[in-house]
Undergrad: 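This is the structure I want to talk about, given as structure tokens.
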2 protein chains.
Amino acid sequence: MRRMTARPANAHQARLLKLLRDGGPNSRAQLGDQVDLSRSKLAVEVDRLLETGLVVADGLAASRGGRRSHNVRLNPQLRFLGVDIGATSVDVAVTNAELEILGHLNQPLDVREGPVAVFEQVLSMAAKLRATGLAEGFDGAGIGVPGPVRFPEGVPVAPPIMPGWDGFPVREALSQELGCPVMVDNDVNLMAMGEQHAGVARSVADFLCVKIGTGIGCGIVVGGHVYRGTTGSAGDIGHIQAVPDGRPCACGNRGCLEAHFSGAALARDAVEAAQQGLSPELAVRLEAHGALTAVDVAAAAAAGDATCLDLIREGGTRTGQVIAALVSFFNPGLVVIGGGVTGLGHTLLAAIRTQVYRQSLPLATGNLPIVLGELGPTAGVIGAARLISDHLFSPA
Amino acid sequence: MRRMTARPANAHQARLLKLLRDGGPNSRAQLGDQVDLSRSKLAVEVDRLLETGLVVADGLAASRGGRRSHNVRLNPQLRFLGVDIGATSVDVAVTNAELEILGHLNQPLDVREGPVAVFEQVLSMAAKLRATGLAEGFDGAGIGVPGPVRFPEGVPVAPPIMPGWDGFPVREALSQELGCPVMVDNDVNLMAMGEQHAGVARSVADFLCVKIGTGIGCGIVVGGHVYRGTTGSAGDIGHIQAVPDGRPCACGNRGCLEAHFSGAALARDAVEAAQQGLSPELAVRLEAHGALTAVDVAAAAAAGDATCLDLIREGGTRTGQVIAALVSFFNPGLVVIGGGVTGLGHTLLAAIRTQVYRQSLPLATGNLPIVLGELGPTAGVIGAARLISDHLFSPA
DNA sequence: CGCTCTTTGTCCTGCGAGTGGAAGAAGTCT
DNA sequence: AGACTTCTTCCACTCGCAGGACAAAGAGCG
């Protein structure tokens, strides 16, 4: 199949495409109810979309008491590639134009191996997905990297945990390889977009999405749009000071949130606890695997290990302190907690909530839900697909 | 003169009005260069604005090498009232439609005396300004109050330092009294709008405006628009914890920024220092006035008083810690420091800068100016005028 | 099975906004 | 005085689009 290259010609078409993306197949009449256009105008624009091939007819809808309407939907052959590069693993997924995941692969991979190695991996995963017949090619790709990005150019800038990537033309390179448009963003922003599109943050205009993985970051959504800051580093909350004169951090300061609570910090604390004999559970696991991760801590905590519960609670409290400050400042309508560490579940959430509700003003917390993300590891790739679809479904 | 009641009929007219407000008198040709409309269309819209009386002819412009063009400008008889209610004083100013201050009054007044007393004062100040012949009436008024506001309704909500105001229909009441449209906002947001319109923040899309007065607040501007949060309490940073287990605060927590540094905290610290004999300078002033304020501390510091310099530096450091966190989170293009305490000047600014540059990541601080506001006490009233003009110069 | 009512889709006409050319008005410069 | 610029108005023509009329397709009912 030839890949689609068409773009909407005007704002009306863009609007219609997004409605079809978010609402699935729709009749002309239903579309008409949502867009405030005259029937004639609507018909013209839909016809033009049909001509481009972005939209196809999709049979008849059920009758609503009169003549049945002809459904239209986004071309079911459209394919987006969503790539979520984490610090220690890579997710690649294929979606249709409605951003439903058709296939999803996950591979452990250290981002510090550099862009060339990572790209090789990503491309081979994409090829594998394509080989299953899910896609013959891609109409667009979104990709998230664990660090700040100069968004318009799609280039990482001064990423602390992925030094080899600074200035690497991710967008350009991937676009070349895949032969389709590509957009690049911070992984945390993509998670926020994912939860906004298909998760807990549907219909919330202003919210924060805190991702606790190897590091800690925060996606900021203002008025339904991701806010990236002046240089693309907005939401970089891992190096906010959580403990005065606390632990030394890789960034050169002391007491950074990330140094006290994150996947990396938790693993280190767990090993320490195991070695000091504070937690038999962890000691057993350390013996077995030779290393510990947040998963081990979660399992031990679930088994009732007091040390692990304390670790989680303390981390949650630290995180809660920082979030409390951000809530006072930003007054969001929702706070989503996500990332690898969410396996720690409700112990963590409870600690965070306690701290936020205690430290922020009632007006800001009064009706503020603090919840775990709904999509887990798929949030990032869905967000990536959403990113590129937003781009492609905007007037050129 | 009959007050203007017209509003722009469409987005083009709104655009033109804002250009005339921000750029002063302009020829049709110059306007044409800025708005991407055909000459004919432009002429039609300008004519309509002339008909409404919002815009008037203003003589001939200088020649640019050919026929001289006819200037147009906003009606010079338009008057806006800007009101800035602080915790301990009230500012009232009259501006023309270009937001130039024609008259400005300031009166000490405790906001806790309640809305009725404050309104009486504000109205009498407005009457006094009118009596000087500056205005025969007002076409709109903007008003800022020192606490959170439910913006669409113009009603203060749960304001900590002005308890009697909770739910008081400020917008409604003032609109009745003045007989013109009124908009209400947080005083800090108005300061941000003021600095954006006529101060240091011109041409910056994303910035923070930290106001240190009796309390501490922060105006947030995203993409050129003030961000107010879900419940209108965004920017309420005075109760972010700056010192773990620090001083008790009126809000019930401990260690709030406001409890450690603000006009009120500084006054208290100064009195304490004077009484303990740590600062002869302050002791003299306390003797003379029976009380101390930030002004006394500033004067003593300027005279080289070590205790006062320490007070300022410590406060700046605390503030800088909080701002550093916000900078990491928000990645602004500019941070403006304003409010009554800015009399402390560069000692304060230096302390804040040191702390921010030390604690935030280089990517966020790399090109981040941290500066004092340019407008001083007029920022609020200019912002207030800007608020109402933005409202009136938008399609109805 | 035929009739009526409802919903959907298409066609068509008329209105009105807006573009861009052309001419006229007003100035500058040589 | 004449040539060239710049600004403004006028006007004819185009094009988008709203909204009514009509046709198509189905549901419900007797």
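Below, read A as the first sequence line, B as the second, and so on, with proteins coming before strands; counting in each chain starts at 1.
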Undergrad: Taking A:S175 for the side chain and A:C180 for the main chain, is one N or O donor matched with an acceptor at less than 3.5 Å?
TA: yes

Undergrad: Could you state the NE2-P distance from B:H70 to D:dT6, rounded to the nearest angstrom?
TA: 17 Å

Undergrad: I'd like to know if the side chain of A:E172 and the backbone of A:P169 have a donor-acceptor N/O pair within less than 3.5 Å.
TA: no

Undergrad: Quick one: A:L50 CG to C:dT10 P, roughly how many Å, whole number?
TA: 10 Å

Undergrad: Kindly determine whether A:K41 and A:D36 satisfy salt bridge (charged side-chain N to carboxylate O under 4.0 Å, His left out), including the steps that lead there.
TA: CA-CA 10 Å; A:K41 174 68 174 159; A:D36 194 38; over 6 Å; no

Undergrad: Can the positive tip of A:R228 be found less than 6.0 Å from the middle of the six-membered ring of A:F151, inside 45° of the ring normal?
TA: yes

Undergrad: Would the base of D:dT6 count as contacting B:R67 through its side chain, where contact means a donor and an acceptor less than 3.5 Å apart?
TA: no

Undergrad: A:L60 or A:H12: which one's nearest nucleotide on DNA chain D is closer to the 5' end?
TA: A:H12

Undergrad: Using atom types as modelled and distance alone, determine if a side-chain donor or acceptor of B:S69 lies under 3.5 Å from a backbone N or O of B:A61.
TA: no

Undergrad: Name every residue in residues 28-48 of chain A that has at least one heavy atom under 4.0 Å from any atom of DNA chain D, in order of residue number, or write none if there are no such residues.
TA: A:S38, A:R39, A:S40, A:K41

Undergrad: So, B:R130 side chain and B:A126 main chain: donor-acceptor pair closer than 3.5 Å or not?
TA: no

